[in-house]
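Shown next, in structure tokens, is the structure this report addresses.
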Amino acid sequence: MGVEPQFDSSFEDRYDCCLTLVEYVQDFLNHLTDQPACFETEIEQFAETLNAWVTSGEDLQGLVELIYQQATSVPNFSYMGARLCNYLSHHLTISPQSGNFRQLLLQRCRAEYENRDEATRADETTQKEFHAFVLFLAELYLNLEIKGTKGQVMRAEILQEGLRELLNALLSNPVDSNLICAVKLLKLTGSVLEDAWKEKGKSDMEDIIQRIENVVLDANCSRDVKHMLLKLVELRSSNWGRVHGSSAHTEATPENDPNYFMNEPTFYTSEGVPFTAADPDYQEKYQELLEREDFFPEYEENGTYLPGPGDPYFDDIDDEMDPEIEEAYEKFCLESEHTKK
């Protein structure tokens, strides 16, 4: 798979020069998984090494597959994987007839996307793999930067449309696991998606929220997942947790807003420090915001409920609801009936 280069970085100095390309890339991915802070200091050397080593379309295809598998099978690597994909899409020089890095990555994602309807109804293992893919695609949408014809930075619109169809597929088979994945996807990208759709005059988010409300009223999902969905509707009604300051509003322009082209929503930490989806610590800060606002108090970051010994989560859904859930559910039903009238 090409001539093995001499390595210079601190990461590469740990190895003799007998690694294959696959071993080298996998070791670096594991290194990033264990020490994500090393991304900033070691990614440049990693890309330079790949440019000297990846010399064929087959090599590039293998590289894409390794990163895809790491991002969809290793917990909490989807964000780092998306950042890595964005960097390599701009710094890998090889562009064979089969496609450059970004094109091959999107082709790999499309293969999973095409099976969305079957995957949402498949066995537990297949569903779990599909849900990991959905969340990785969400991270790609937030992190993969595309340069426009005028040099402006944009998001990949094809991913925006893909996420909408993935949401439709998840909500079309409203079992607990699909609904939890949909909630996680919207927690992560809801504000950005809604802003992008509104800019085009589309009401896609209204349609999605209406479908979620119908699931709460009609679907046979567990009471805890219905509670999650209610909290998601509440989060969206609060403009996805975004805080509006009391100072006079200034229209965003390319000159006064560095996130203008990226259409980044701005959030605020408990100390009042602003941050956006482009912030390296976005996931951690956004989760802290959600916990602070008590939107999803009993769910860990990946959207999975954490039942303890004797927890009623898996009890019959006909059991009596907790008072807080029952009150929220009754209020929602009354509001829905009022809207229909």
Side-chain angles (χ1 to χ4, degrees), residues 1-94 100-106 108-109 112 128-129 131-145 184 188 275 277-288 300-302 304:
M1 298 181 77
V3 178
E4 295 169 358
Q6 297 297 314
F7 303 145
D8 298 320
S9 76
S10 58
F11 164 72
E12 290 153 342
D13 279 346
R14 285 183 267 153
Y15 301 99
D16 56 26
C17 294
C18 298
L19 289 177
T20 65
L21 174 59
V22 170
E23 291 170 336
Y24 168 70
V25 172
Q26 189 60 63
D27 281 349
F28 185 76
L29 294 177
N30 293 339
H31 174 62
L32 277 186
T33 301
D34 295 336
Q35 301 180 51
C38 293
F39 180 90
E40 300 294 344
T41 57
E42 300 185 17
I43 186 58
E44 183 177 354
Q45 179 61 48
F46 178 66
E48 289 179 5
T49 301
L50 291 180
N51 276 326
W53 205 340
V54 176
T55 58
S56 69
E58 181 184 358
D59 290 347
L60 191 59
Q61 189 77 59
L63 173 64
V64 167
E65 185 64 26
L66 285 171
I67 296 173
Y68 177 88
Q69 290 298 331
Q70 188 87 355
T72 57
S73 62
V74 176
N76 302 319
F77 192 76
S78 58
Y79 168 67
M80 183 60 67
R83 290 187 67 199
L84 178 60
C85 287
N86 180 59
Y87 189 93
L88 294 181
S89 71
H90 292 287
H91 292 86
L92 286 187
T93 55
I94 183 173
N100 60 30
F101 177 85
R102 186 172 68 231
Q103 290 167 334
L104 292 179
L105 173 66
L106 294 179
R108 179 64 180 88
C109 291
E112 298 295 328
K128 185 176 181 181
E129 293 172 351
H131 296 156
F133 157 69
V134 170
L135 299 180
F136 176 51
L137 202 71
E139 293 287 8
L140 280 178
Y141 175 62
L142 294 177
N143 290 281
L144 195 61
E145 299 174 343
K184 177 66 176 77
L188 188 63
F275 68 96
D279 192 297
D281 301 321
Y282 168 74
Q283 280 189 316
E284 179 181 345
K285 292 178 180 177
Y286 189 57
Q287 181 64 19
E288 186 270 336
E300 64 176 2
E301 171 58 20
N302 64 6
T304 303

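Throughout, numbering of the chain's residues begins at 1 and tracks the sequence. This is a predicted model, so every value here is computed, not measured.
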How long is the span from the [atom1] atom in [X] to the [atom2] atom in [Y], to the nearest 0.5 Å?
| X | Y | atom1 | atom2 | value |
| --- | --- | --- | --- | --- |
| L60 | L88 | CG | CG | 9.5 Å |
| R83 | F39 | CZ | CZ | 4.5 Å |
| E48 | I43 | CD | CD1 | 10.5 Å |
| C109 | Y68 | SG | OH | 6.0 Å |
| F77 | L29 | CZ | CG | 5.0 Å |
| T72 | L137 | OG1 | CG | 11.5 Å |

Report task. Taking side-chain contact (heavy atoms from CB on, under 4.5 Å) as the test, write out the residues that go with S73, two or more places apart. Result -> none
Report task. Could I get the full list of side-chain contact (heavy atoms from CB on, under 4.5 Å) partners for A82, not counting sequence neighbours? Result ->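 side-chain contact (heavy atoms from CB on, under 4.5 Å) list for A82, sorted by chain: F136, E139, L140, N143.
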Just to verify, what does [X] make a side chain to side chain donor-acceptor pair (under 3.5 Å) with, not counting sequence neighbours?
| X | value |
| --- | --- |
| E65 | Q69, R108 |
| T33 | Q70 |
| T41 | none |

Report task. Taking the six-membered ring for Trp and the full ring for Phe, Tyr or His, determine whether the centres of Y24 and F46 are under 6.0 Å apart. Result ->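 Ring centroids of Y24 and F46 are less than 6.0 Å from each other.
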Nearest heavy-atom neighbours spanning [X] and [Y]:
| X | Y | result |
| --- | --- | --- |
| L92 | A47 | CD2-O, 4.1 Å |
| W53 | D59 | O-OD2, 3.7 Å |
| L135 | L188 | O-CD2, 4.3 Å |

Requested in this report: Using salt bridge (Lys or Arg N to Asp or Glu O under 4.0 Å) as the criterion, list what pairs up with R102, not counting sequence neighbours.
Outcome: none
Report summary line: Residues at least two apart in sequence or cross-chain that pass salt bridge (Lys or Arg N to Asp or Glu O under 4.0 Å) with E129, listed by chain then number, are none
Requested in this report: Return the set of residues passing ring-ring contact (aromatic ring centres under 6.0 Å, His included) with H91 (not counting sequence neighbours), or none when no residue passes.
Outcome: Y87
Report task. Measure from the side-chain N and O atoms of Q103 to the backbone N and O of N100, and report whether any donor-acceptor pair falls under 3.5 Å. Result -> yes
Query raised in the report: In a check of side chain to side chain contact (heavy atoms under 4.5 Å, CB included) between L63 and each of L104, L105, L50, which one passes?
Result: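 Running side chain to side chain contact (heavy atoms under 4.5 Å, CB included) over L104, L105, L50 with L63 returns exactly one hit, L50.
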